[in-house]
Amino acid sequence: EVHVVESGGDSVQAGGSVRLSCAAPGYITSESRFCMAWFRQAPGNRREWVATITGDGFRDYADSVKGRFTISRDDAKITLYLEMSGLKPEDTAMYYCALARLRWCEPHLNFYTYWGQGTQVTVSS
């Protein structure tokens, strides 16, 4: 079993910034070249794709966050990050880290094998 842990969720004012982190001990290592992604889910809504980074470092984003969010790994690929700026109230959601044991990524829920429990981001106006 792979345990995925997100952290960094916070409550901020509109226009603020938050950086989320994701770690998966035993899965993310200095040798890992796997797809990693962020999803989010607000109450009453379906889980929504936010961003992906492939094992080769290619990044892609949902239109709703493009230009405001940045997905990245550290140099050793030990930790996944989501840097969020220019936050809006509609960004309020539980944010989830997702992993797939493939080098490429797809923006679909059922593509991902491992999920964290989520970290809450709340943006107030």
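The side-chain hydrogen bond (donor to acceptor under 3.5 Å, both in side chains) test applied to Ser11 returns no partner, not counting sequence neighbours. Take Gln117 and apply the side-chain hydrogen bond (donor to acceptor under 3.5 Å, both in side chains) test, not counting sequence neighbours, and it matches no residue. Listed by chain and residue number, nothing satisfies the side-chain hydrogen bond (donor to acceptor under 3.5 Å, both in side chains) test with Asn45 (two or more places apart in sequence, or in another chain). The side-chain contact (heavy atoms from CB on, under 4.5 Å) search around Pro89 returns Ala14, Val123, Ser125, not counting sequence neighbours. With sequence neighbours excluded, no residue satisfies ring pair (Phe, Tyr, Trp, His ring centres under 6.0 Å) with Tyr96. Residues passing the side-chain contact (heavy atoms from CB on, under 4.5 Å) test with Phe58 are Thr54, Asp60, sequence neighbours excluded.
Contact check for Cys97 versus Leu80: side-chain heavy atoms found under the 4.5 Å cut-off. Side chains of Phe69 and Leu20 form no contact here, defined as non-hydrogen atoms less than 4.5 Å apart. Contact annotation: the side chain of Met94 never approaches that of Val121 to less than 4.5 Å [non-hydrogen atoms, C-beta and beyond]. Counting heavy atoms from C-beta on, the side chains of Phe111 and Trp104 come closer than 4.5 Å.
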*asked:* Checking Thr113 against Leu99 for the side-chain contact (heavy atoms from CB on, under 4.5 Å) test, could you report, in this order, the C-alpha distance in whole Å, the side-chain angles of both residues, the deciding distance, and whether it holds?
replied: CA-CA 6 Å; Thr113 305; Leu99 313 177; over 6 Å; no
_Intermediate values then yes/no, side-chain contact (heavy atoms from CB on, under 4.5 Å), Thr70 and Tyr61_ = CA-CA 8 Å; Thr70 301; Tyr61 301 91; 3.7 Å; yes
*What's the verdict on side-chain contact (heavy atoms from CB on, under 4.5 Å) for Val4 and Trp115, showing C-alpha distance, side-chain angles and the deciding distance?*
CA-CA 6 Å; Val4 181; Trp115 293 84; over 6 Å; no
*Check against side-chain contact (heavy atoms from CB on, under 4.5 Å), Tyr114 and Arg101*: CA-CA 9 Å; Tyr114 307 110; Arg101 213 173 186 93; 4.2 Å; yes
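Listed by first then second residue, pairs satisfying side chain to side chain donor-acceptor pair (under 3.5 Å) with a partner in residues 12-26 read Gln13-Ser124, not counting sequence neighbours. Listed by first and then second residue, the salt bridge (Lys or Arg N to Asp or Glu O under 4.0 Å) pairs that reach into residues 112-125 come to none, sequence neighbours excluded. Sorted by first and then second residue, the side chain to side chain donor-acceptor pair (under 3.5 Å) pairs with a member in residues 81-94 read Arg40-Asp91, Arg68-Asp91; sequence neighbours excluded.
Note that the OG1 atom of Thr119 and the OH atom of Tyr95 stand 10.5 Å from one another [nearest 0.5 Å]. Once rounded to the nearest 0.5 Å, the distance linking CH2 of Trp38 with CD of Glu48 reads 14.5 Å. Interatomic distance, CE of Met36 versus CG of Leu82, reported as 11.5 Å (0.5 Å rounding). With values rounded to the nearest 0.5 angstrom, Thr79 atom OG1 is found 5.0 Å from Asp74 atom CG. Between the CH2 atom in Trp49 and the SG atom in Cys105 there is a gap of 9.0 Å [rounded to 0.5 Å].
Arg103 approaches Arg33 most closely through the heavy-atom pair CG-O, 3.2 Å. Contact record, Ala93 with Gln120: O-NE2, 3.4 Å, taken as the closest heavy-atom pair. Minimum interatomic distance between Thr52 and Ala37 (heavy atoms only, all atoms of both residues): CG2-CB, 3.5 Å.
In this structure a side-chain-to-backbone donor-acceptor pair under 3.5 Å is present from Glu6 to Gly118.
Relative orientation of the Phe39 and Tyr112 rings is perpendicular, given thresholds of 30° and 60° on the angle between their planes.
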